[in-house]
2 protein chains.
Amino acid sequence: MARTQGSHSDITGPRIRKAALRLFSRRGYAAVSMRQIAAEVGVQAGALYNYTPDKQSLLFRLMQEHMQELLNSAAELPATENAIEALKQFVGFHIRFHLQRPDEVFIAYMELRNLTPENFAEIEALRRNYEDTLEGIFKQGQVEGLFTVTDSKIATLAVIAMLNGVMTWYRTEGRLTLDAVEQIYWDMVRRSVTR
Amino acid sequence: MARTQGSHSDITGPRIRKAALRLFSRRGYAAVSMRQIAAEVGVQAGALYNYTPDKQSLLFRLMQEHMQELLNSAAELPATENAIEALKQFVGFHIRFHLQRPDEVFIAYMELRNLTPENFAEIEALRRNYEDTLEGIFKQGQVEGLFTVTDSKIATLAVIAMLNGVMTWYRTEGRLTLDAVEQIYWDMVRRSVTR
DNA sequence: AACTTATCTGAACAATCGTTCAAATAGAAC
DNA sequence: GTTCTATTTGAACGATTGTTCAGATAAGTT
């Protein structure tokens, strides 16, 4: 056997990334072998190297695409009246975006240490970029006199940490709707930064 | 060569766990080999098996001891006047305890998926146990009419997530003292659950 | 139908993995 | 000083790792 029936790079490429995403997310980058990824796709390990120069690049691409999409989506949020409205919008966006992509989010955080220093620096820059959008809201709110926040950087990190916590427990089939979760968290966030 | 000078199980045992803790925390359980741990201790890989039946047990013991110490320490907190005082005390305790043990905390979260199902269940039970102490505070506060919290479980998870966020950025040599950090987070937590 | 190109196989590579164990030697006990 | 025991070495085991590549075959082009 050699080339198989129905083989096509437009199909195999995405399937490889999808399989890698799934496996990396569940077992971790270091614990997943190229052969396991290949098996999930239904292909031999050697075939993967038509789509990625190496395992590291496969991980990096998954993380980079995710972060890029996060930034692009955040940039498309409509303008708001004031910082409180902006914060509310951000909370809703963040929760929804992340709950829709549990695997990507998990990897983007857990596998940072498995990136080469160069790749790490690039992903880290994207992450900072995203944090800056939230910090910008806090700074604007300080100017407008709407927040009790004294340290916008800490507030940013604290709020993002709290929101990320949703991912550890929320399940679609659970007792709470997405709207309800959003409301609960918005209440807590709003109270934590206003009086 | 065989037994080496100064060899003693009272010394080697703890050194192995310390080395494993360090390496697991920095590179991840799956990415660390028994030979790397042994090298850090200054011993051959085979010697490790006098102190652990296998790699998995080494990880499990580190996590179990950490969680047990967390629970014991939390149990020793003095009684308080009301739920708000209890919450304040908990916030301070949680931040300090965790900032003192960055490696243990990191492992206890990141390496959960590398535990066998049985070991995972045990660690998970300890974690739930700890969460219950915080949830108990919220429930008590609801009874006392001190909190705006409607869902004590979600409030528990949200607050713990927010507090854990400290670990991602706080450094002793930074511009903020531990007291200042504690104060900032207590302000946010207090506001988020009261009116 | 003939030819070119894209895709995959299957075997092989050296390196590394967790773990076992007989042999060797240091420390402890008498 | 002799004996006993605790501790470590060092080699070995089979399994698995990421990666390469010549050869084979399907898809695409003419």
Side-chain angles (χ1 to χ4, degrees), chain A residues 1-24 26-63 107 111 113-116 118-119, chain B residues 1-24 26-63 107 111 113-116 118-119:
Chain A
M1 283 146 269
R3 181 169 188 174
T4 54
Q5 282 198 13
S7 64
H8 218 314
S9 69
D10 296 348
I11 297 174
T12 310
R15 287 187 63 200
I16 288 174
R17 287 186 286 280
K18 197 171 171 182
L21 182 73
R22 224 182 76 92
L23 291 171
F24 287 166
R26 280 165 189 55
R27 304 182 206 168
Y29 175 78
V32 172
S33 72
M34 295 299 268
R35 282 172 182 81
Q36 287 169 353
I37 298 172
E40 180 122 331
V41 178
V43 96
Q44 296 300 313
L48 301 185
Y49 291 85
N50 291 324
Y51 302 93
T52 182
D54 46 42
K55 192 185 178 188
Q56 166 74 203
S57 305
L58 185 52
L59 173 64
F60 176 63
R61 176 165 174 180
L62 290 175
M63 297 179 67
I107 288 177
E111 305 300 350
R113 64 180 167 193
N114 286 311
L115 291 173
T116 62
E118 303 78 25
N119 288 343
Chain B
M1 283 143 269
R3 179 167 188 175
T4 55
Q5 283 198 12
S7 64
H8 220 312
S9 68
D10 296 349
I11 297 174
T12 309
R15 287 187 64 200
I16 287 174
R17 287 186 287 280
K18 197 171 171 182
L21 182 73
R22 224 183 76 92
L23 291 171
F24 287 166
R26 280 167 189 53
R27 304 181 205 168
Y29 174 77
V32 172
S33 72
M34 294 299 269
R35 283 172 182 82
Q36 287 168 354
I37 298 172
E40 181 122 330
V41 178
V43 96
Q44 295 301 313
L48 301 185
Y49 290 86
N50 290 325
Y51 302 95
T52 182
D54 46 42
K55 192 185 177 189
Q56 167 73 204
S57 305
L58 185 52
L59 173 64
F60 176 63
R61 174 163 176 180
L62 290 174
M63 297 178 68
I107 287 178
E111 304 300 349
R113 63 180 168 193
N114 286 313
L115 291 173
T116 61
E118 303 79 25
N119 287 343

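Sequence lines set the chain letters: A, B, ... in the order given, protein chains first and strands last, and positions in each chain run from 1.
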### Message
Is there a side-chain contact between A:R113 and B:R26 in this structure, where contact means two heavy atoms from C-beta onward sitting under 4.5 Å apart?
### Response
no
#### Entry: d(CD, B:Q44; P, C:dA24) in whole Å
17 Å
### Any A:T12 side-chain N or O less than 4.0 Å from OP1/OP2 of C:dC8
yes
### Message
Distance check needed: C:dA6 C1' versus A:I11 CD1, whole Å only.
### Response
13 Å
Compile the donor-acceptor pairs under 3.5 Å between side chains in residues 36-48 of chain A and protein atoms, sequence neighbours left out, one pair per line.
unit_1: A:Q36; atom_1: OE1; unit_2: A:R27; atom_2: NH1; d: 3.4
unit_1: A:Q36; atom_1: OE1; unit_2: A:S33; atom_2: N; d: 3.2
unit_1: A:E40; atom_1: OE2; unit_2: A:R22; atom_2: NE; d: 2.6

### Query
Hey, does B:R15 have a side-chain heavy atom less than 4.5 Å from the side chain of B:I11?
yes
### A:D10 CG - D:dA27 C1' separation (whole Å)
12 Å
### Message
Base contacts versus sugar-phosphate-only contacts with protein, heavy atoms under 4.0 Å: please encode nucleotides 15-21 of chain C as B, S and - from 5' to 3'.
### Response
--BBBB-
### Phosphate contact (D:dT7 OP1 or OP2) by B:Y51 side-chain N/O below 4.0 Å
no
### Message
In whole Å, I'd like the distance from the CG atom of A:N50 to the P atom of C:dT5.
### Response
17 Å
### Message
Let's test your reading of the model: under 3.5 Å, does the base of C:dA6 pair with the side chain of A:R3 as donor and acceptor?
### Response
yes
### Task
Give a yes or no on whether the backbone of B:G13 and the side-chain of B:K18 come within a donor-acceptor separation of less than 3.5 Å.
no
### Rounded distance in Å - CG (A:L48) to C1' (D:dT17)
14 Å
### Query
Expressed in angstrom and rounded to an integer, what is the separation of A:I37 atom CD1 from D:dT19 atom C1'?
13 Å
#### Entry: Any donor-acceptor pair under 3.5 Å from A:Q56 side chain to A:N114 backbone
yes
### Check: A:L59 and A:I107 side chains under 4.5 Å, non-hydrogen atoms
yes
